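All values below were derived from every heavy atom in this structure, side-chain atoms included, with hydrogens, water molecules and symmetry-related copies excluded. These numbers were taken from a predicted model, which means no experiment stands behind them.
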Amino acid sequence: MTDTIRLSQARVGDRGVIVQVGEHCHHEDHKAELERRLLELGFVEGARIELMHQGLFGGDPIALRVDDMSVALRRHEADSLTVRLDGIAA
């Protein structure tokens, strides 16, 4: 069984594939800038992700493996990414 969720809702051990980056509506400059920055960091559609760690206070920031690199994001940044989970937690 697969699930499609916002990356900000993922839990430690969740794995999946990025299916959408941003909301593809560029009427707000800060959202367009965040989408551009995420793409530059390697958060592209089809990239494999795994949530490896989360901060102790409020679960922020989160540490992710994106293909073969590790990246930390704030949960509000991760909210811009939609992922399809594999349904297998490590």
Side-chain angles (χ1 to χ4, degrees):
M1 181 175 159
T2 61
D3 265 333
T4 301
I5 63 168
R6 296 286 186 171
L7 184 55
S8 60
Q9 300 169 324
R11 295 175 297 182
V12 173
D14 284 348
R15 298 176 183 195
V17 175
I18 297 173
V19 294
Q20 183 176 343
V21 180
E23 298 174 13
H24 301 302
C25 63
H26 300 285
H27 62 278
E28 295 183 45
D29 289 338
H30 68 280
K31 287 185 179 181
E33 176 64 21
L34 176 59
E35 182 179 338
R36 183 192 62 77
R37 192 168 62 89
L38 290 170
L39 289 167
E40 288 176 352
L41 286 170
F43 290 92
V44 295
E45 293 174 7
R48 303 247 350 123
I49 61 101
E50 176 184 359
L51 200 153
M52 300 171 15
H53 181 75
Q54 64 183 9
L56 295 176
F57 302 105
D60 211 16
I62 58 176
L64 305 157
R65 181 166 311 278
V66 181
D67 287 335
D68 60 351
M69 68 176 174
S70 297
V71 180
L73 288 180
R74 296 270 180 207
R75 288 226 182 239
H76 75 271
E77 296 168 328
D79 196 48
S80 297
L81 298 159
T82 304
V83 297
R84 184 178 61 246
L85 297 179
D86 292 341
I88 303 170

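A continuous path of hydrophobic side-chain contacts links V71 to V12 [ILVMFWY only; heavy atoms under 4.5 Å]. Under the 4.5 Å side-chain contact rule for hydrophobic residues, M52 and I49 do not share a cluster.
Think of V17 as one node in a network of Ile, Leu, Val, Met, Phe, Trp and Tyr side chains linked at under 4.5 Å; it has no links at all.
For R11, there are no salt bridge (charged side-chain N to carboxylate O under 4.0 Å, His left out) partners, not counting sequence neighbours. Residues passing the side-chain hydrogen bond (donor to acceptor under 3.5 Å, both in side chains) test with T82, sequence neighbours excluded: none. Remark: D79 pairs with S8 by the side-chain hydrogen bond (donor to acceptor under 3.5 Å, both in side chains) rule, at least two apart or across chains. Scored by the side-chain contact (heavy atoms from CB on, under 4.5 Å) test, S80 finds L34, L38 as partners (sequence neighbours excluded). A search for side-chain hydrogen bond (donor to acceptor under 3.5 Å, both in side chains) contacts involving R74 returns nothing, not counting sequence neighbours. In this structure R36 satisfies the salt bridge (charged side-chain N to carboxylate O under 4.0 Å, His left out) test together with E33, E40, sequence neighbours excluded.
For the pair D86 and E50, the minimum side-chain heavy-atom distance is 4.5 Å or more.
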- I18 and V44: side-chain contact (heavy atoms from CB on, under 4.5 Å), yes or no, with the steps? CA-CA 7 Å; I18 297 173; V44 295; over 6 Å; no
- Determine, stepwise, if the pair V66 / L41 fulfils side-chain contact (heavy atoms from CB on, under 4.5 Å). CA-CA 9 Å; V66 181; L41 286 170; over 6 Å; no
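Atoms CG and CG, on D14 and L7 in that order, are 9.0 Å from each other to the nearest 0.5 Å.
Of all non-hydrogen atoms in V21 and F43, the two that sit nearest each other are CG2-O, 3.0 Å. Contact between A47 and G42 at its shortest, heavy atoms only, is CB-O, 4.0 Å.
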Which atom pairs, donor and acceptor, lie under 3.5 Å between side-chain atoms of residues 53-65 and protein residues at least two apart or in another chain?
from: Q54; atom 1: OE1; to: R75; atom 2: NH2; distance (Å): 2.4
from: D60; atom 1: OD1; to: R75; atom 2: N; distance (Å): 2.8

